[in-house]
Amino acid sequence: PELAVELRSILERLDEVEDGIDKIRVTYLYEQARSKMQSMKKAFEEHDFTIVDRLHGEVSSLAFSIEEMGDSYRTASTLVVQAADQLQQRSDIVREFLAKNLSVEGVVVSDDGSHAIIDGRWVLEGGDVLDGRLDLILRDRVVILYKGERITHRFSRF
């Protein structure tokens with residue numbers, strides 16, 4: 001009987017240790033996913049879509065590992081996947097727009113209303129351009145609002 005009591009006590013402590021190890025592992029996986037998301041965001045800002053795609057896969061894999069740890073971690077896993085998917089979708093929108101090869105031939109910046117010559121067309125700020133809207137005209141760049149994404153297109157004036 002004494003050995004049985006001692007064995008039960010050891011098994012209970014073992015369960016506590018295993019729970020602690022699970023929490024540590026999930027925290028580690030979550031931090032890895034968070035770090036990869038930061039790298040993914042930086043690659044997105046630099047328009048390095050190959051890295052965005054690769055990191056999306058890695059983050060998804062980490063989220064799956066978190067989910068495998070049990071139902072109590074499913075919310076964390078879901079949030080990680082949603083954040084990665086959202087950045088991937090944004091990346092796809094920017095990539096789609098950049099494939100249109102926007103050509104800015106010149107701009108006129110004025111307090112009375114700025115204009116740009118885009119793909120041979122005279123476009124007023126706020127006007128339609130390539131299925132988007134010309135949101136802002138500056139001396140060295142234009143900003144297009146395309147499917148919810150603000151995309152900056154820099155151009156050389158000379």
Side-chain angles (χ1 to χ4, degrees), residues 19-158:
D19 287 344
I21 290 171
D22 285 349
K23 288 178 184 175
I24 291 169
R25 183 160 188 250
V26 166
T27 300
Y28 171 77
L29 292 169
Y30 183 79
E31 287 303 315
Q32 287 290 316
R34 196 173 66 77
S35 173
K36 290 193 184 292
M37 282 296 300
Q38 288 175 340
S39 297
M40 192 175 172
K41 194 177 289 187
K42 183 177 181 214
F44 170 77
E45 290 167 357
E46 295 173 356
H47 293 181
D48 194 341
F49 303 118
T50 303
I51 291 177
V52 170
D53 292 341
R54 179 180 54 81
L55 290 171
H56 178 265
E58 292 176 15
V59 170
S60 295
S61 177
L62 287 166
F64 180 73
S65 295
I66 292 170
E67 187 175 328
E68 284 184 323
M69 298 300 295
D71 288 342
S72 59
Y73 302 112
R74 189 173 308 261
T75 300
S77 171
T78 300
L79 291 174
V80 167
V81 167
Q82 285 177 345
D85 287 350
Q86 182 182 31
L87 200 50
Q88 178 72 44
Q89 289 167 354
R90 292 180 66 201
S91 172
D92 290 343
I93 289 169
V94 173
R95 194 179 334 202
E96 176 184 317
F97 180 80
L98 293 177
K100 295 177 183 256
N101 294 320
L102 176 80
S103 174
V104 179
E105 289 94 25
V107 296
V108 175
V109 179
S110 168
D111 292 337
D112 296 332
S114 298
H115 293 78
I117 301 171
I118 299 176
D119 293 335
R121 284 185 44 236
W122 185 254
V123 183
L124 177 68
E125 191 172 68
D128 293 336
V129 60
L130 297 175
D131 300 323
R133 188 186 73 199
L134 182 56
D135 198 45
L136 180 63
I137 300 172
L138 300 169
R139 295 170 54 110
D140 63 342
R141 65 190 174 276
V142 294
V143 178
I144 310 286
L145 184 61
Y146 180 76
K147 295 185 179 181
E149 281 300 314
R150 290 176 51 97
I151 302 167
T152 299
H153 177 77
R154 294 187 181 281
F155 59 92
S156 174
R157 294 190 58 169
F158 304 102

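Every pair passing side-chain hydrogen bond (donor to acceptor under 3.5 Å, both in side chains) that includes a residue from residues 99-113 is listed here, sequence neighbours excluded: Lys100-Asp131, Ser103-Glu105.
To the nearest 0.5 Å, atoms OG1 (Thr78) and CD1 (Ile66) are separated by 10.0 Å. Atom NE2 of His115 and atom CG of Leu134 lie 10.0 Å apart (nearest 0.5 Å). In this structure, Met69 CE and Thr27 OG1 are separated by 9.5 Å, a value rounded to the nearest 0.5 Å. Interatomic distance, CD of Gln32 versus OG of Ser61, reported as 11.5 Å (0.5 Å rounding). Note: His153 NE2 to Phe97 CZ = 8.0 Å, rounded to the nearest 0.5 Å. The distance from atom CD1 of Ile144 to atom CG of Asp128, rounded to the nearest 0.5 Å, is 10.5 Å.
Formation of a donor-acceptor pair under 3.5 Å by the Ser77 side chain with backbone atoms of Ala63 is found in this model. Checked by atom type and distance alone, the side chain of Ser91 never pairs as donor or acceptor with a backbone atom of Leu87 at under 3.5 Å. One N or O on the side chain of Glu125 and one on the backbone of Ile137 form a donor-acceptor pair closer than 3.5 Å. Side chain of Ser35 to backbone of Glu31: no donor-acceptor contact under 3.5 angstrom is found.
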Criterion side-chain contact (heavy atoms from CB on, under 4.5 Å) on Val104 and Ile117, from CA distance to verdict: CA-CA 6 Å; Val104 179; Ile117 301 171; over 6 Å; no

Evaluation steps, side-chain contact (heavy atoms from CB on, under 4.5 Å), between Asp85 and His56: CA-CA 7 Å; Asp85 287 350; His56 178 265; 2.7 Å; yes

Chi angles and distances behind the side-chain contact (heavy atoms from CB on, under 4.5 Å) call for Val129, Leu102: CA-CA 9 Å; Val129 60; Leu102 176 80; 4.2 Å; yes

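Counting non-hydrogen atoms of neighbouring residues, nucleotides and ligands closer than 6.0 angstrom, the OH atom of Tyr73 exceeds 12 such neighbours.
Under the 4.5 Å side-chain criterion, counting only non-hydrogen atoms from C-beta, Trp122 is in contact with Val108. Using a 4.5 Å cut-off on side-chain heavy atoms (C-beta onward), Val142 and Leu136 make no contact. By the 4.5 Å heavy-atom criterion applied to side chains, Met37 and Leu55 are not counted as neighbours. In this structure the side chain of Asp119 reaches within 4.5 angstrom of the side chain of Leu130, judged on heavy atoms. The shortest distance between side-chain heavy atoms of Val80 and Leu62 does not fall below 4.5 Å. Proximity of Tyr146 to Glu96: side-chain heavy atoms (C-beta onward) are separated by under 4.5 Å at one or more points.
Every side chain to side chain donor-acceptor pair (under 3.5 Å) that Arg74 has, sequence neighbours left out, goes to Glu67, Asp71.
Between Asp135 and Arg133 a salt bridge is recorded (basic side-chain N to carboxylate O distance below 4.0 Å).
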Using residues 40-53 as the side-chain source, report each donor-acceptor pair under 3.5 Å to any protein atom, sequence neighbours left out, with the distance given to one decimal.
from, atom 1, to, atom 2, distance (Å)
Asp53, OD1, Gln88, NE2, 2.7
Asp53, OD1, Arg95, NH2, 3.1
Asp53, OD2, Arg95, NH1, 3.2

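In plain terms, the two heavy atoms of Val59 and Ala84 that are nearest each other are CG1-CB, 3.6 Å.
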